[in-house]
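For reference, positions follow the sequence shown, starting with 1.
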Amino acid sequence: MSIHTVWIMNGKGGVGKSVLMMALSWLYDAMGRPLRLIDIDDKAKLAEFVGHDKVLSLRIGANAEALRADPSLAYSYWDQLAAEILERDTGVDLGANMDRHILSWAKKSELGELLTESGVTMDVYVPVTADPLAVAGGIEALETVADVFPNSRRILVLNNMAGHFNAYESTPEFEKIAIMRADGLIVVGMDECLSEAWTDFERLKLPPWRVLKMNAPTVAQQTGLGILAAKRAVGDYASWLKHLQQTFAPLVMV
């Protein structure tokens with residue numbers, strides 16, 4: 001079995017990168033192929049949810065202003081990322097505004113060639129919400145990934161959490177996406193979670209596997225919801241997660 005790495009990116013924040021990374025990590029773990037989780041984000045959002053002891057946080061090694069002036073300041077930190085993905089299965093969560101810098105480092109370092117020579121397979125997930133900046137950022141990331149990692153499997157995730165994409169279907173952006181699909185891009189949807197406790201689960205930094213273990217009384221106690229609302233919240237969250245599993249399980253490399 002070859003080593004596999006899963007990357008999630010979009011320069012726009014708030015598109016569901018960390019939620020998707022947690023869900024994919026849960027799926028890979030359930031299928032007997034756990035991922036070593038890595039985040040490249042000074043906010044370390046992923047680590048806040050799953051535990052700092054379970055995530056390797058590769059900080060940028062410089063403040064944002066210094067990094068914009070000289071991206072190479074962080075290269076020695078990111079070289080550790082290459083060492084990790086050559087050694088074991090990994091899941092890499094790139095924070096907002098980090099994809100351009102990381103992809104520039106990867107191109108300059110010829111990381112794509114190294115992964116191919118080493119037999120490492122790669123999936124790049126790019127989630128977008130129904131927002132012009134998110135869609136534009138996602139397309140830019142996908143185009144660059146196709147150049148830097150031509151042998152990767154590229155997956156666009158239409159995240160319906162903040163609205164649907166019906167109004168975008170005839171836009172120039174989605175015409176680009178159609179061309180990319182003809183060239184192998186995979187497009188999947190991620191449904192909105194209708195659980196009444198969704199924002200509370202986010203606030204409490206609860207990953208999916210912890211939410212699934214919670215009963216209605218516990219949810220009611222931690223969120224302030226009434227017991228009936230808590231029962232609905234638990235059921236709706238479980239249904240959302242089950243559908244998400246059905247959507248993404250066929251893409252999991254086992």
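- Side-chain contact check for Thr129 and Asn159: no donor-acceptor pair (N or O, by modelled atom type) lies under 3.5 Å.
- Rounding to the nearest 0.5 Å places CZ of Arg181 at 8.5 Å from CG of Leu156.
- In this structure the side chain of Thr90 never reaches within 4.5 angstrom of the side chain of Leu35, judged on heavy atoms.
- Counting all heavy atoms, side chain and backbone alike, Ala233 lies closest to Ser195 at O-OG, 2.9 Å.
- Between Arg203 and Thr223, the shortest heavy-atom contact is NH2-CA, 4.3 Å.
- The distance from the CD1 atom of Ile85 to the OG1 atom of Thr5 is 5.0 Å, given to the nearest 0.5 Å.
- Closest non-hydrogen pair, Ala230 versus Val219, comes out as CB-CG1, 4.0 Å.
- Side-chain atoms of Val145 and Leu103, non-hydrogen and from C-beta on, do get closer than 4.5 Å to each other.
- For the atom pair CD (Glu113) and CG (Asn151), the distance works out to 9.0 Å, reported to the nearest 0.5 Å.
- Looking only at atom types and distance, the side chain of Ser239 has no donor-acceptor partner in the side chain of Asp236 under 3.5 Å away.
- The shortest side-chain heavy-atom distance between Phe248 and Tyr28 does not fall under the 4.5 Å cut-off.
- Using a 4.5 Å heavy-atom cutoff, the side chains of Ile177 and Ile179 are not in contact.
- Side-chain contact check for Ile40 versus Trp78: some heavy-atom pair is nearer than 4.5 Å.
- The CD atom of Glu173 sits 9.0 Å away from atom CD of Glu175, with the distance rounded to the nearest 0.5 Å.
- There is a path of hydrophobic side-chain contacts, each under 4.5 Å, that joins Leu94 to Leu142.
- Val148 and Ala106 make their closest contact through CG1-CB, 3.8 Å (heavy atoms, listed as atom of the first residue, atom of the second, distance).
- A donor atom on one side chain and an acceptor atom on the other are found under 3.5 Å apart for Asp191 and His243.
- Partner Met21 forms a side-chain contact (heavy atoms from CB on, under 4.5 Å) with one of Val55, Leu37, Ile38 and no other, that one being Leu37.
- Looking at Met22, Arg33, Gln245 one by one, the single match for side-chain contact (heavy atoms from CB on, under 4.5 Å) with Leu27 turns out to be Gln245.
- Salt bridge annotation for Lys107-Asp147: present, with a cationic side-chain nitrogen under 4.0 angstrom from a carboxylate oxygen.
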| request: Check step by step if side chain to side chain donor-acceptor pair (under 3.5 Å) holds for Asp29 and Trp209. | output: CA-CA 11 Å; Asp29 191 62; Trp209 48 90; over 6 Å; no
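- Under a hydrophobic-cluster definition in which Ile, Leu, Val, Met, Phe, Trp and Tyr are linked whenever side-chain heavy atoms come within less than 4.5 Å, directly or via other members, Leu241 and Leu194 are assigned to different clusters.
- Here the side chains of Met98 and Met9 are not in contact, with every heavy-atom distance at 4.5 Å or above.
- A continuous path of ILVMFWY side-chain contacts below 4.5 Å connects Ile8 to Val157, so both sit in one hydrophobic cluster.
- Side-chain atoms of Val188 and Leu158, non-hydrogen and from C-beta on, never get closer than 4.5 Å to each other.
- Residues Tyr125 and Val15 fall into different hydrophobic clusters, defined by Ile, Leu, Val, Met, Phe, Trp and Tyr side chains chained together at heavy-atom separations under 4.5 Å.
- Note: Thr116 OG1 to Glu110 CD = 11.5 Å, rounded to the nearest 0.5 Å.
- Checked against Met190 for a side-chain contact (heavy atoms from CB on, under 4.5 Å), the options Leu20, Val128, Asn160, Thr247 give a single hit: Leu20.
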| task | Evaluate side-chain contact (heavy atoms from CB on, under 4.5 Å) for Thr121 paired with Ile3, printing each intermediate quantity in order. | result | CA-CA 6 Å; Thr121 57; Ile3 296 174; over 6 Å; no
| request: Test side-chain contact (heavy atoms from CB on, under 4.5 Å) on Glu143 and Met180 and set out the steps. | output: CA-CA 9 Å; Glu143 290 175 336; Met180 291 182 189; 3.3 Å; yes
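- Hydrophobic clustering (ILVMFWY, side-chain heavy atoms < 4.5 Å, transitive): Leu133 and Phe174 are in distinct clusters.
- Remark: aromatic rings of Tyr237 and Trp240 are close, center separation under 6.0 Å.
- Between Ser2 and Gly119, the shortest heavy-atom contact is CB-O, 3.2 Å.
- Taking each heavy atom of Leu225 and Ala220 in turn, the nearest pair found is O-CB, 3.3 Å.
- Under 4.0 Å is where a charged nitrogen must lie from a carboxylate oxygen, and between Arg36 and Glu87 no such pair does.
- With hydrogens and angles disregarded, a donor-acceptor distance shorter than 3.5 Å links the side chain of Arg154 to the backbone of Ser152.
- Side chain of Ser104 to main chain of Arg100: no donor-acceptor pair is present (N/O by atom type, distance under 3.5 Å, no hydrogens or angles).
- With 3.5 Å as the limit, one finds no donor-acceptor pair spanning the side chains of Asp99 and Trp7.
- Heavy atoms from other residues, nucleotides or ligands lying under 6.0 Å from NZ of Lys242 number 12 at most.
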| query | Lys17 and Val19: side-chain contact (heavy atoms from CB on, under 4.5 Å), yes or no, with the steps? | reply | CA-CA 6 Å; Lys17 292 187 293 291; Val19 170; over 6 Å; no
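- When side chains are defined from C-beta on, Asp200 does not count as touching Gln222, because their heavy atoms never get closer than 4.5 Å.
- Asp123 places no side-chain N or O within donor-acceptor distance of the main-chain N or O of Val6, the cut-off being under 3.5 Å.
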| request: Begin with the C-alpha distance, continue with both residues' side-chain angles, and end with the deciding distance and a verdict on side-chain contact (heavy atoms from CB on, under 4.5 Å) for Ile186 and Leu251. | output: CA-CA 10 Å; Ile186 298 169; Leu251 299 174; 4.1 Å; yes
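- Ser25 OG to Asp89 CG: the interatomic distance, rounded to the nearest 0.5 Å, is 11.5 Å.
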